[in-house]
Amino acid sequence: MADTLIVGGGTAGCVLAERLSADPAHTVRLLEAGRLWTSRDVMPAELLDAAALPIGPEVEWLWRYEVTLADDPPVPATIVRGKVIGGSGAVNGGYFVRATAADFDAWSRAIGGSDAWSFDAVLPLYCRIERDLDFGEQPWHGDRGPIPVVRGSAPAPVSTAFTEACLASGFAEIPDLNAPDSGEGVGVVPCNCDQGRRIGPAIGYLLPALGRPNLSVAGETLVTRIRFDGTRAVGVEYARDGESGVEWADRVVLCAGAIESATLLLRSGVGDPEQLRSLGIPVVHAAPVGAWLGDHPEVGISYLLDLAQSPTVPLEVVLEVDDVEIRPYAVSFTPGVHRLGVTLMRPRSSGVLRLRSADPAAAPLIDYRYLTAEADRARLRDAVATAGGLLRRMNARPVDPIPRQADLDAWLRANLATSQHLSGTCRMGRENDAAAVVDERCRVLGVTGLSVVDLSVVPVPLGRGPQATTMMIAEKAAAHLSA
């Protein structure tokens, strides 16, 4: 029986397993639903190539979910998450930008004014993660962490054209998007890669620790339910190679991501009692699991521009304007066509996640409810206008012409997508907070022996992409769990 049983070997799970097993007296067991490679020498090449996005329909290492982005009428979409050791951090574009001080101010307010998740409290953890190859000597960076962070010095022509258009439009140039006071403007994206290789949480954290006798990892093991003794978590049920079993532990930590951590809680009886009973699930504890789902709505503008392309990370530069991030993707998702993403980073609208069945094989219902708030639609209308001005400066031609602002709402829906940065389904808060699922130490409220450590605990929309922050959450939780 393990001291700590971790469910999910994704971004957070890899970090947590390495940090907790650094204590030789503490036994750690990690269960991952996807494939496990014990050395990067045997990992598929596309998982190592920082210029690749290995998320095509033919690959085996993804969870796939059918979702609804907006209603009236429904806007359907398919999203993917990493189902492999390293999780989504093994298949993403390498974007490694921290959340901002304003995000942590909002986070602190959301948990009742506690400074446990203030920017000053989390900055040392961000530094501990990274080996910044450009700014490592700065006091707000690290120079000896397991994750190399670098900014490209030879951007693709489309990235250069976008940067020049931003500067000509009066936007500032940001040398370091991870600086505490980076502000608004255009900057090169810091990426977790080294010499063209993606260095995610599995390679940076977990693989070097696999030789520890107190750490064991099992791949292709699907956890189906948490076992409780009363309200204390004592283990998990799992399926592997067509057989089922139980793993016991003193403590269970869910690191399965905003979708799977939430669905596992719900299937195990932690959630809305009425919904659980309607599915025949015995209630262990009433909690608002899945009642708030956050993500970053992204409107895609396809455009034509005759520029050479070369292998590179998918996103080399971004423009930050208040709560909007404009992304000139450096790779083509459609041959011959470029894409500009206009992304609302702090939307007012939020979604929900619910079970459709108690069957672990049944995917949950995910309703994003994008564009519900008029403030979101207004902000995106303005942002699309800004993006259109930049495209004109680039002499680019939108494939689907952008209409006048008064006629934009239907166009926004027609071009609506998502950043796939799901968060908040197990929100953090105080014990008397009706919206809270976990406390500020990531412990599930109302039960014992159970924590959630991944992006599902974040109680507010984050103004930047989540990978660096997910690792930071795991670093902070490891300190609590080791205490």
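Just so you know, these numbers use all the heavy atoms, side chains as well, and skip hydrogens, waters and symmetry mates. Position 1 is the first residue of the sequence; numbering continues from there.
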Exercise. Taking the side chain as every heavy atom from C-beta outward, state whether L69 and P297 have any atom pair closer than 4.5 Å.
Key: no
Quiz item: Would E320 and R464 pass as an ion pair if we require N to O under 4.0 Å?
Solution: yes
Quiz item: How about V453 and I473: do any of their side-chain heavy atoms sit closer than 4.5 Å?
Solution: yes
Quiz item: Would you call the rings of F104 and Y126 parallel, tilted or perpendicular if under 30° counts as parallel and over 60° as perpendicular?
Solution: perpendicular
Quiz item: Do N192 and Q467 come within less than 4.5 Å of each other through their side chains, counting heavy atoms only?
Solution: yes
Quiz prompt | Minimal non-hydrogen separation, A330 against A156, with atom names | solution = CB-CB, 4.4 Å
Practice problem: Take L36 and E220 through the side-chain contact (heavy atoms from CB on, under 4.5 Å) test and state the conclusion after the steps. | Solution: CA-CA 7 Å; L36 165 66; E220 299 178 272; over 6 Å; no
Practice problem: Check whether any side-chain N or O of N415 sits under 3.5 Å from a backbone N or O of W411 as a donor-acceptor pair, and report yes or no. | Solution: yes
Practice problem: Spell out, as yes or no, whether a donor-acceptor pair under 3.5 Å connects the side chain of S118 to the backbone of A121. | Solution: yes
Exercise. Could you tell me whether K83 and E260 have a side-chain N and a carboxylate O separated by less than 4.0 Å?
Key: no
Quiz prompt | Criterion side-chain contact (heavy atoms from CB on, under 4.5 Å) on R131 and D194, from CA distance to verdict | solution = CA-CA 10 Å; R131 185 169 75 257; D194 188 18; 4.3 Å; yes
Quiz prompt | E184 side chain vs F171 backbone, donor-acceptor pair below 3.5 Å | solution = no
Quiz prompt | Distance in Å, Q195 CD paired with L133 CG, rounded so as to fall on 0.5 Å steps | solution = 9.5 Å
Practice problem: Check for a donor-acceptor pair, side chain of H296 on one end and backbone N or O of M345 on the other, with a separation under 3.5 Å. | Solution: yes
Self-check item: Sidechain-backbone polar pair: S349 side chain, T372 backbone, donor-acceptor under 3.5 Å
Solution: yes
Self-check item: Side chain to side chain, L177 and V188, heavy atoms closer than 4.5 Å
Solution: no
Quiz item: Taking C-beta and beyond as the side chain, do S302 and D400 meet within less than 4.5 Å on heavy atoms?
Solution: no
Quiz item: Any chance the side chains of E164 and T160 put a donor and an acceptor closer than 3.5 Å?
Solution: no
Quiz item: Does any N or O in the side chain of T469 come within less than 3.5 Å of the main-chain N or O of G465, such that one atom is a donor and the other an acceptor?
Solution: no
Quiz prompt | Results of side-chain contact (heavy atoms from CB on, under 4.5 Å) for A291 - residues two or more places apart only | solution = P288
Quiz item: With the threshold set at 4.0 Å, does a side-chain nitrogen-carboxylate oxygen contact exist between D103 and R346?
Solution: yes
Exercise. Return the minimal non-hydrogen interatomic distance between P314 and G93, and the atom names on each side.
Key: CD-O, 3.6 Å
Quiz item: Atom CE in M428, atom CH2 in W117: separation rounded to 0.5 Å?
Solution: 4.5 Å
Quiz item: So, R369 and D367, do they make that salt bridge, N to O below 4.0 Å?
Solution: yes
Quiz item: Does NZ or CZ of R427 come closer than 6.0 Å to the centre of the six-membered ring of W292, within 45° of the ring's axis?
Solution: yes
Quiz item: Closest approach of G200 and I147, non-hydrogen atoms and distance?
Solution: O-CD1, 3.7 Å
Quiz item: Does R348 come within less than 4.0 Å of D323, counting only side-chain N to carboxylate O?
Solution: no
Practice problem: Mark yes or no for whether R413, through its side chain, and D71, through its backbone, hold a donor-acceptor pair below 3.5 Å. | Solution: yes
Quiz item: If you measure from CZ on R128 to NZ on K476, what distance do you get to the nearest 0.5 Å?
Solution: 12.5 Å
Self-check item: Straight-line distance of L390 CG to Y303 OH, nearest 0.5 Å
Solution: 10.5 Å
Quiz item: So, D454 versus S456: side-chain donor-acceptor pair below 3.5 Å or not?
Solution: yes
Quiz item: Among D176, N178, D132, whose side-chain hydrogen bond (donor to acceptor under 3.5 Å, both in side chains) with W140 holds?
Solution: D176
Exercise. Walk me through it: do R81 and I259 pass the test side-chain contact (heavy atoms from CB on, under 4.5 Å)?
Key: CA-CA 9 Å; R81 312 305 300 145; I259 297 176; 4.2 Å; yes
Practice problem: For S419 and E298, work out which heavy atoms get closest and say how close. | Solution: OG-OE1, 3.3 Å
Quiz item: Taking atom OG1 of T163 and atom CG of L319, what is their separation to the nearest 0.5 Å?
Solution: 9.0 Å
Quiz item: Taking atom CG of L353 and atom CG of L365, what is their separation to the nearest 0.5 Å?
Solution: 8.0 Å
Self-check item: Any donor-acceptor N or O pair under 3.5 Å, side chains Y368, D295
Solution: yes
Self-check item: Contact summary for V342 and A387, nearest pair of heavy atoms
Solution: CG2-CB, 3.7 Å
Quiz item: Side chains of Y65 and T78: do they bring a donor and an acceptor to under 3.5 Å?
Solution: no
Exercise. State, to 0.1 Å, how close V59 and R64 come at their nearest heavy-atom pair, and which atoms those are.
Key: O-NH2, 3.3 Å
Quiz prompt | SB check E130 R98 (cutoff 4.0 Å) | solution = yes
Quiz prompt | Note: R151-D134 ion pair, threshold 4.0 Å (strictly below) | solution = yes
Exercise. State whether R404 and D407 are salt-bridged, where the test is any N-O pair (Lys NZ or Arg NE/NH1/NH2 against Asp/Glu carboxylate O) under 4.0 Å.
Key: yes
Practice problem: Please examine the side chains of R19 and Y205, heavy atoms only from C-beta on, and report whether any two atoms are closer than 4.5 Å. | Solution: yes
Quiz item: Does any non-hydrogen side-chain atom of V452 lie less than 4.5 Å from one of L265?
Solution: yes
Quiz item: Would I326 and V318 satisfy side-chain contact (heavy atoms from CB on, under 4.5 Å), going step by step from the backbone distance to the final call?
Solution: CA-CA 6 Å; I326 299 180; V318 292; over 6 Å; no
Exercise. Kindly say whether V75 contributes a backbone atom to a donor-acceptor pair with the side chain of T68 at under 3.5 angstrom?
Key: no
Quiz prompt | Heavy-atom donor-acceptor pair, R109 side chain to S114 backbone, under 3.5 Å | solution = no
Quiz prompt | S332 side chain to V337 backbone, donor-acceptor under 3.5 Å | solution = yes
Quiz item: Any side-chain heavy-atom pair from E173 and L167 closer than 4.5 angstrom?
Solution: yes
